[in-house]
Amino acid sequence: MDISEIWAIFGPGVAGAVFGAGWWFWVDAVVCSSVKISFLHYLPGIFASLAALMFNCVRKEDIDYSPYDEGEWRLKLWLFIAYVVSFVSLAASVGLLIQDALGKSGPSAWAGVAGVLQCVFVLISGLIYWTSHSES
């Protein structure tokens, strides 16, 4: 067994563990918060999960990297939209972290940090799964 076969076996499990850890940070922040966290704070994690799902709808083997061939432009557009959704969710979580850190009456700064960690872990898990699942 070489490393690519081992990665194909254990990669999806690692991706699931990283995804679960990301959501665990968020659940911990919501449960331990002394104030009610608004639904707006949930949206970056939901959209990061959607972006991870969008990444995993595309197989790497289906992407044509030729610059002169029309290829699968719909596939490339889908991946572009997935990247945009992922970066917007990450930027929104950082914005909410700054808002929580500067505000006195809103959620604690831990809720903002947990939101950023959630987005980072969820997006990393999507990429881990994409790289491990497409090699098999």
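Residues take their numbers from the sequence shown, with the count starting at 1. These figures come from a predicted structure and were not determined experimentally. Heavy atoms only: backbone and side chains are in, while hydrogens, waters and symmetry mates are out.
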query: For the hydrophobic clusters of this structure (ILVMFWY residues joined by side-chain heavy atoms under 4.5 Å, transitively), does one cluster hold both L102 and V116?
result: yes

- line: Correct closest heavy-atom pair for A111 and P107 would be CB-CB, 3.9 Å

- request: Just jot down the side chain to side chain donor-acceptor pair (under 3.5 Å) partners of S33, sequence neighbours excluded, or say none.
  value: none

field: Which residues share a side-chain contact (heavy atoms from CB on, under 4.5 Å) with L77, sequence neighbours left out
entry: W73, I81

- prompt: Which residues, ordered by chain and number, are linked to V84 in its hydrophobic cluster, where ILVMFWY side chains connect at heavy-atom gaps below 4.5 Å, directly or through other members?
  reply: F80, V88

- request: May I ask whether F87 and W78 are part of the same hydrophobic cluster, defined by side-chain heavy atoms of I, L, V, M, F, W, Y residues being less than 4.5 angstrom apart, directly or through others?
  value: yes

- prompt: Do the side chains of L90 and S93 get nearer than 4.5 Å, heavy atoms only?
  reply: yes

- prompt: Do you know which two heavy atoms are closest between C119 and S89, and how far apart they sit?
  reply: SG-O, 3.8 Å

- line: Checking F19, W26, F25, W24 against F121 for ring pair (Phe, Tyr, Trp, His ring centres under 6.0 Å), the one that qualifies is F25

query: Under a 4.5 Å side-chain heavy-atom rule over Ile, Leu, Val, Met, Phe, Trp and Tyr, are I9 and I6 clustered together?
result: yes

- request: Kindly give the cluster partners of L53, where membership spreads through any ILVMFWY side chain lying under 4.5 Å from a current member.
  value: none

- prompt: Residues in side chain to side chain donor-acceptor pair (under 3.5 Å) with N56, at least two apart?
  reply: none

message: I need the full list of side-chain hydrogen bond (donor to acceptor under 3.5 Å, both in side chains) pairs touching residues 106-121, with sequence neighbours left out, sorted by first then second residue.
response: D28-W110

- prompt: Taking only residues two or more places apart in sequence or in another chain, which ones pass ring pair (Phe, Tyr, Trp, His ring centres under 6.0 Å) with F10?
  reply: none

Donor-acceptor pairs under 3.5 Å, side chain of residues 36-52 to any protein atom, not counting sequence neighbours: which ones?
unit_1: S38; atom_1: OG; unit_2: H41; atom_2: ND1; d: 3.1
unit_1: H41; atom_1: NE2; unit_2: D100; atom_2: OD1; d: 3.1
unit_1: H41; atom_1: NE2; unit_2: D100; atom_2: OD2; d: 3.3
unit_1: S49; atom_1: OG; unit_2: W23; atom_2: NE1; d: 3.1
unit_1: S49; atom_1: OG; unit_2: G45; atom_2: O; d: 3.0

- prompt: With sequence neighbours left out, what residues match I128 under side-chain contact (heavy atoms from CB on, under 4.5 Å)?
  reply: W7, V14, A15, V18, I124

field: Partners passing side-chain contact (heavy atoms from CB on, under 4.5 Å) against A82 (at least two apart in sequence or in another chain)
entry: M54, F55

